[in-house]
**Student:** 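Below is the structure I would like to discuss, written out as structure tokens.
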Amino acid sequence: MGYVGLPLAISFAKRFNVLGFDVNQVLINNLQHGKSYISDVSPEDIDRVLGQSFCPTTDSSKLKDCDFLIICVPTPLTKDKKPDLSYIKGACEIISGFLNKGQFVILESTTYPGTTDEIVVPMLEVSKLKAGKDFGVAFSPERIDPGNKDYTIDKIPKVVGGINKECTKIAALLYASIISEVICVSDAKTAESVKMVENVFRNVNIALVNELALIFENMGINCWEVIEAASTKPYGYTPFYPGPGVGGHCIPLDPLYLSYQAKRYGIMPRFIETSAEINDFMKVHVVNLIRKGLNRKNKKIFGSKIVIMGLAYKRNIEDVRESPSKDVIEELIALGANIAVFDPFAVSIKTDVGEFSSEASIRDAFREADCAVFMTDHDIFKKIDLFEVGVEDGLPIIIDCRNIFEKCNGYNLIGIGRGDINNTSIYEDSN
Ligand code: SAJ
């Protein structure tokens, strides 16, 4: 019943009787009281089906009566950056406890090709039933884009791959009941691979543009202007943008799932792993830019007040999972800085050096700040008049990681990819 399972359950509840199962009692209590904790699902959406065709529960004994069981659990990385399949295994353990003939299990969690065949099927066959014969199994990657109002779940084409052709067909029929386009592929590992490719594509392209930003910064070229001009090419080019690193629970993690499995087949996925390293380096680069910016005022990171503007991993959402802001805060604390944070959506962020709660206002955050680091390009930040918020204490150095202040006039700013990294002059007020 997370950001994938809940919208899916509510969609299916329009057509079928749905059990929304979760091990988290708090989530289930919320749902049983019609409360939503997922921005894409309104309380009205829940209210329409609650108690009729949608039944939230933590009681796994009810699952034995379900025809289809769809697993939507997290697939994070372990501390040493290996796939953590403990949630998938936990779900399979629960299901195999009561699995009966005729049931059908679908995995939606993003994972490496082979997980369904190598992990899910054997765990379910502990029930002594035979997959593909006594019960069905398929993989169908989740493609939810949290907060995307244009592409709601029914409008996003659904890829489906079963452990045999019949399973593919049955799973496709199920999804076709709520999703307008269903794409059948040869088998489960092909379907797992489709999702991997979608996310590796994003990760490596972001890494490429981050590397270009580092190159152009040192050549005094504005990478953002280059990308904007390159985007005028009507074919064969897809714009990606540099930033302080890659956050979220998908893009930074999924490529390492694929590279893990590739190595088990003896292939060294250098490009994928180098991309992850480049994206990780951007957080180090942000700290370097802060150091350069403070140097302009003959200050050091040690003892400076630095405000982190933006905790969420991307614009206009509150999600801080894998956010680059966490790493940057930890490094700055280690270097002796005093940290304040502000985010209009995320109220706080947990780090290895404690929890940081957002200041009440931008003005509060800027008070006596030596440096303000814009990590997330929330729309509200684009409206800030820096002269207005910083005036009484003098303007802090601005580190712009997202080209928010592209038309900077009259304040001391360094930006990722802007080509001003070595400018010593403070921007003269051109008005
Ligand atoms: N980012 C950049 N530069 C870019 C694009 C993104 O630095 O040009 C950064 C973002 O700031 C963010 C991270 O990368 O920190 C990931 O951003 P994202 O836009 O890929 O969004 P996510 O992680 O929320 O989810 C993506 C979405 N895929 C898209 O095509 C937008 C979402 O639809 C998928 O459901 C999700 O991957 C997934 O589950 O694969």
Side-chain angles (χ1 to χ4, degrees), residues 2-5 7-8 38-40 72-76 108-112 140-153 155-159 191-214 223-224 226-228 230-231 237-258 275-276 278-283 285-286 309-328 343 345-346 349 374-379 381 400-404 415-417:
Y3 85 94
V4 175
L8 193 62
I38 301 282
S39 50
D40 292 341
C72 307
V73 295
T75 45
E108 288 218 353
S109 306
T110 305
T111 185
Y112 59 74
S140 178
E142 61 87 5
R143 277 179 163 175
I144 303 252
D145 190 12
N148 190 326
K149 301 290 178 239
D150 300 329
Y151 290 104
T152 47
I153 202 165
K155 296 194 184 73
I156 303 171
K158 201 80 166 80
V159 171
E192 289 161 336
S193 304
V194 168
K195 176 67 181 201
M196 284 285 123
V197 165
E198 289 166 13
N199 284 3
V200 168
F201 166 78
R202 288 185 74 71
N203 204 50
V204 298
N205 275 288
I206 295 165
L208 169 63
V209 82
N210 279 331
E211 183 162 81
L212 293 175
L214 298 172
C223 184
W224 301 87
V226 171
I227 293 164
E228 191 179 351
S231 304
Y237 179 77
T238 307
F240 286 83
Y241 302 94
V246 172
H249 48 285
C250 314
I251 305 305
L253 311 185
D254 298 345
L256 297 180
Y257 266 71
L258 182 59
S275 300
I278 291 170
N279 288 335
D280 271 353
F281 173 73
M282 296 313 283
K283 304 165 205 173
H285 186 56
V286 169
M309 299 295 285
L311 301 176
Y313 74 84
K314 73 175 185 178
R315 73 168 74 97
N316 303 336
I317 62 169
E318 80 284 349
D319 195 339
V320 297
R321 282 176 292 184
E322 306 295 323
S323 173
S325 298
K326 174 178 179 293
D327 305 82
V328 169
D343 191 298
F345 296 89
I349 190 166
F374 284 82
M375 295 287 289
T376 316
D377 48 341
H378 292 311
D379 288 346
F381 288 168
D400 183 357
C401 300
R402 302 278 189 172
N403 205 40
I404 296 167
I416 286 182

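Atoms within a ligand are numbered from 1 in the order they appear, just like the ligands themselves.
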**Student:** Side chains of N203 and N279: do they bring a donor and an acceptor to under 3.5 Å?
**Tutor:**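 N279 and N203 do have a side-chain donor-acceptor pair below 3.5 Å.
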**Student:** For the residue pair E322 and Y313, establish whether any side-chain heavy-atom pair is separated by less than 4.5 Å.
**Tutor:** no
**Student:** Please name the pair of heavy atoms, one in M282 and one in G245, separated by the smallest distance, quoted to 0.1 Å.
**Tutor:**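 Taking M282 first and G245 second, the nearest heavy atoms are CB-N, 3.7 Å.
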**Student:** Crowded around E211 CD? As in, over 12 foreign heavy atoms under 6.0 Å?
**Tutor:** no
**Student:** Could you pull out the N/O contacts under 3.5 angstrom between ligand 1 and the surrounding protein atoms?
**Tutor:**
residue, atom, partner, partner atom, Å
ligand 1, 3 (N), Y241, O, 2.8
ligand 1, 8 (O), Y241, N, 2.8
ligand 1, 11 (O), Y313, O, 3.2
ligand 1, 11 (O), R402, NH1, 2.9
ligand 1, 11 (O), R402, NH2, 3.2
ligand 1, 15 (O), G247, N, 2.9
ligand 1, 15 (O), Y313, O, 2.7
ligand 1, 19 (O), R202, NH2, 2.8
ligand 1, 20 (O), R202, NE, 2.6
ligand 1, 20 (O), R202, NH2, 3.3
ligand 1, 21 (O), K314, NZ, 3.2
ligand 1, 24 (O), Y313, OH, 2.6
ligand 1, 24 (O), K314, NZ, 3.0
ligand 1, 30 (O), R202, NH1, 3.4
ligand 1, 33 (O), D145, OD1, 3.1
ligand 1, 35 (O), I144, O, 2.2
ligand 1, 39 (O), E142, OE2, 3.1
ligand 1, 39 (O), K195, NZ, 3.0
ligand 1, 40 (O), K195, NZ, 2.9
ligand 1, 40 (O), N199, OD1, 2.8
ligand 1, 40 (O), N199, ND2, 2.7

**Student:** Would you say the side chain of F381 lies within less than 4.5 Å of the side chain of R402, judging by non-hydrogen atoms?
**Tutor:**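 They are not in contact (no side-chain heavy atoms under 4.5 Å apart), so the answer is no.
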**Student:** Using 30° and 60° as the class boundaries, would you call the ring planes of F345 and H378 parallel, tilted or perpendicular?
**Tutor:**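 Correct class here is tilted.
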